[in-house]
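Just so you know, these numbers use all the heavy atoms, side chains as well, and skip hydrogens, waters and symmetry mates.
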Amino acid sequence: TLTLNLSDAQAKRAIAERLPPWLAYRLTTTGQVCRVLAISEDGTVRIYAEHPVLGGITGTGVFGVDPATLVPWNPQN
């Protein structure tokens, strides 16, 4: 059976509303540009982080990222 905890669903919705997947973000811990791929069951996010030197040419998927460490990316910074 599927048990849905409404508070968990509300928390995930709040994360999804704050981090739309069509925007780029900066990971504050490393400075890398990244995009959100998914929201995990535990409230962390899975991201695609671009290589710091090669940019979008190559990158890696990272899971277990705290959503609080993502801020909107501004190319001027």
Side-chain angles (χ1 to χ4, degrees):
T1 64
L2 175 64
T3 305
L4 179 63
N5 184 338
L6 192 55
S7 62
D8 288 347
Q10 290 171 336
K12 290 176 193 138
R13 182 178 179 98
I15 294 168
E17 289 174 351
R18 188 176 83 75
L19 301 171
W22 54 85
L23 296 177
Y25 300 93
R26 184 175 58 82
L27 186 59
T28 57
T29 54
T30 64
Q32 290 172 280
V33 176
C34 60
R35 299 191 187 279
V36 174
L37 299 175
I39 300 170
S40 300
E41 296 280 330
D42 62 358
T44 61
V45 293
R46 186 166 53 103
I47 63 170
Y48 174 80
E50 295 182 358
H51 189 278
V53 176
L54 301 175
I57 295 173
T58 184
T60 189
V62 181
F63 63 92
V65 176
D66 181 359
T69 62
L70 299 176
V71 295
W73 178 63
N74 181 350
Q76 276 70 32
N77 291 345

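Among residues two or more places apart in sequence or in another chain, the side-chain hydrogen bond (donor to acceptor under 3.5 Å, both in side chains) test is passed with Glu41 by none. Under the side-chain hydrogen bond (donor to acceptor under 3.5 Å, both in side chains) criterion, Ser40 pairs with no residue at all, not counting sequence neighbours. Applying the side-chain hydrogen bond (donor to acceptor under 3.5 Å, both in side chains) rule to Arg13 yields the partners Glu17; only residues at least two apart in sequence or on another chain are considered.
Under the 4.5 Å side-chain heavy-atom criterion for ILVMFWY residues, a single connected hydrophobic cluster contains both Trp22 and Ile47. Phe63 and Leu19 end up in different hydrophobic clusters when Ile, Leu, Val, Met, Phe, Trp and Tyr side chains are linked at under 4.5 Å. Residues Val62 and Val71 are members of separate hydrophobic clusters, defined by side-chain heavy-atom contacts under 4.5 angstrom among Ile, Leu, Val, Met, Phe, Trp and Tyr. Tyr25 and Ile39 fall within a single hydrophobic cluster, where Ile, Leu, Val, Met, Phe, Trp and Tyr are joined by side-chain heavy atoms under 4.5 Å apart, directly or via other members.
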Q: Step by step, work out the side-chain contact (heavy atoms from CB on, under 4.5 Å) result for Leu70 and Leu27.
A: CA-CA 5 Å; Leu70 299 176; Leu27 186 59; 3.6 Å; yes
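The nearest pair of heavy atoms linking His51 to Gln32 is CA-NE2, 4.4 Å. Across all non-hydrogen atoms, the minimal contact from Pro67 to Gly43 is CG-O, 3.3 Å. Pairing each heavy atom of Gly64 with each of Thr44, the nearest pair is CA-OG1, 3.6 Å.
Interatomic distance, NZ of Lys12 versus CG of Asp42, reported as 8.5 Å (0.5 Å rounding). Once rounded to the nearest 0.5 Å, the distance linking CD of Glu50 with OG1 of Thr60 reads 12.0 Å.
Judged by distance alone, the side chain of Tyr48 and the main-chain N or O of Gly59 form a donor-acceptor pair under 3.5 Å.
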